[in-house]
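What you see below is based on every heavy atom in this structure, not just the backbone, and it leaves out hydrogens, waters and symmetry mates. Every chain is numbered from 1 and lettered A, B, ... according to where its sequence line falls, protein lines coming before strand lines.
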There are 2 protein chains.
Amino acid sequence: MPVSAVAQASPAGVGTTYTIGELAREFDLTTRAIRFYEDCGLITPQRSGRNRVYTGRDRTRLKLTLRGKRLGLTLAEVKELVDMYESPRDTLPQLKKFLVVLGAHRAQLEQQMADLQATLEEVRAHEKEARRLLAEGERRR
Amino acid sequence: MPVSAVAQASPAGVGTTYTIGELAREFDLTTRAIRFYEDCGLITPQRSGRNRVYTGRDRTRLKLTLRGKRLGLTLAEVKELVDMYESPRDTLPQLKKFLVVLGAHRAQLEQQMADLQATLEEVRAHEKEARRLLAEGERRR
DNA sequence: GGCTCGATTGACGTTTACGTCAAGTGTAGC
DNA sequence: GCTACACTTGACGTAAACGTCAATCGAGCC
């Protein structure tokens, strides 16, 4: 039986925790992958005895990780970004560096957006043409 | 001296060819990478003696390859797509399969578009906030 | 003829992101 | 007490995408 169904009779929602298996099912991952993300420092679950206990924060970081992967980032890049978002930015140099890194990241995302739009337009044009040919073929039978 | 400057006194533009070094410089790749793409079947240059000769078509496929990579596709996926675009679609089954594959590809691109937009909005929000804090800090000095 | 430059093939090395056993532990139910 | 199931660590394996030599070759230049 999953930990969260028993050990958590908390105020409904807040303080919810997850086992590795629950997260694996939810995000369609193997437990091996999740542990690997931990090795990379992407998530740092607590322990209940030997077992890992994941919080909502871990879940969020996992979500961000998967989104980053879908965008073609390496795990190291994802870690750098996610860590940065959670790091303190209370001094001016920290703030300035934050802005520099953000700018670089945004430039990359915008390049990707351009690539994506170009590709999508091509795909849609091909689809349109193919559907036209298909309709023509169907009519001629 | 590059091949294309000598061996090609052709009608200006049409029939232009490139050496591996020229393409490497243009796209900021190593020659090793370009030869590797050839091993994967992504480009199939002709030969002049032992040397590879790349045509405009090769250049286009190389461009598409790099765009695919920026979008996070594997080389195998890129090959599948690029090949499909160039394959004959003169029978109804071929056409239908073409549409199916296109549809799957488009679904993936649209998921990625959603990921991208979400990420871009977050980055912009963070940037805005950081700039606000920076301005505030500068004012207070 | 000697030198340099760019290209070639071949082979082994490397990083990333896990997969795949193996062997053990802890808890729940019968 | 036995079984089943989820979780644990550890170690080795693997596919993708090149990097990195090494040895060789051909063309152009002084």
Practice task
Round to a whole Å and report the spacing from CG of B:Asn51 to P of D:dA27.
Solution key: 9 Å
Exercise for the section: Quickly work out the A:Phe27 CZ to C:dC18 P distance and round it to whole Å. Expected result: 15 Å
Practice task
Taking the side chain as every heavy atom from C-beta outward, state whether A:Gln108 and B:Arg70 have any pair of such atoms under 4.5 Å apart.
Solution key: no
Practice task
When you get a sec, tell me which of C:dG24, C:dC18, C:dT8 is the closest nucleotide to the side chain of A:Phe36?
Solution key: C:dC18
Practice task
Pick base, sugar-phosphate or nothing for A:Thr31, based on heavy-atom distances below 4.0 Å to the nucleic acid.
Solution key: nothing
Handout entry: Pair of N/O donor and acceptor under 3.5 Å linking D:dT8 base with A:Arg35 side chain
Key = no
Practice task
Indicate whether OP1 or OP2 belonging to D:dC18 is found under 4.0 Å from a side-chain N or O atom of B:Lys69.
Solution key: yes
Exercise for the section: Report the nucleotide, chosen from C:dG19, C:dT25, D:dC18, that has the shortest atom-to-atom distance to any side-chain atom of A:Arg32. Expected result: C:dG19
Exercise for the section: State whether B:Tyr37 places a side-chain N or O below 4.0 Å from either non-bridging phosphate oxygen (OP1 or OP2) of D:dC18. Expected result: yes
Exercise for the section: Using whole Å, report how far CG of B:Asp39 lies from P of D:dA15. Expected result: 17 Å
Practice task
Check every atom of C:dC18, D:dT8, D:dG19 against the side chain of B:Ala33 and return the nucleotide holding the closest atom.
Solution key: D:dG19
Practice task
May I ask you to evaluate whether A:Thr19 reaches the phosphate of D:dA6, defined as a side-chain N or O under 4.0 Å from OP1 or OP2?
Solution key: no
Practice task
For residues A:Thr31 and A:Ile34, determine if any side-chain heavy atom of one lies less than 4.5 Å from a side-chain heavy atom of the other.
Solution key: no
Handout entry: DNA chain D: 5'-proximal contact among A:Ile20 and B:Leu75 (nearest heavy atom)
Key = A:Ile20
Completion exercise
For A:Val53 and A:Asp58 the tightest heavy-atom approach is O-OD2, 4.1 Å
Handout entry: DNA chain C: 5'-proximal contact among B:Arg52 and A:Thr74 (nearest heavy atom)
Key = B:Arg52
Completion exercise
Whole-Å distance, B:Leu23 CG to C:dG6 C1', equals 14 Å
Handout entry: Salt bridge A:Arg124-A:Glu127, side-chain N to carboxylate O under 4.0 Å
Key = no
Problem - Within 6.0 angstrom of B:Glu110 CD, more than 12 heavy atoms from elsewhere - result: yes
Handout entry: Atom-pair distance (CZ on A:Arg50; C1' on D:dT8), nearest Å
Key = 4 Å
Exercise for the section: Could you tell me whether the phosphate oxygens of D:dC18, OP1 or OP2, come under 4.0 Å of any side-chain nitrogen or oxygen in B:Thr30? Expected result: no
Practice task
Mind calculating the distance between NZ (A:Lys79) and P (C:dT15) to the nearest angstrom?
Solution key: 19 Å
Fill in the blank from the handout: Terminal axes of the helix from C:dG1-D:dC30 to C:dC30-D:dG1 (5 end pairs apiece), angle rounded to 10 degrees, sit apart by 0°
Problem - Student check: side-chain heavy atoms of A:Phe98 and A:Met84 closer than 4.5 Å - result: yes
Exercise for the section: Give a yes or no on whether the backbone of A:Asn51 and the side-chain of A:Ser48 come within a donor-acceptor separation of less than 3.5 Å. Expected result: no
Problem - Residues, nucleotides or ligands: over 12 heavy atoms within 6.0 Å of A:Asp28 CG - result: no
Fill in the blank from the handout: Whole-Å distance, A:Leu73 CG to C:dA17 C1', equals 14 Å
Practice task
Report the distance from atom CG of A:Leu29 to atom C1' of D:dC7, rounded to the nearest whole Å.
Solution key: 17 Å
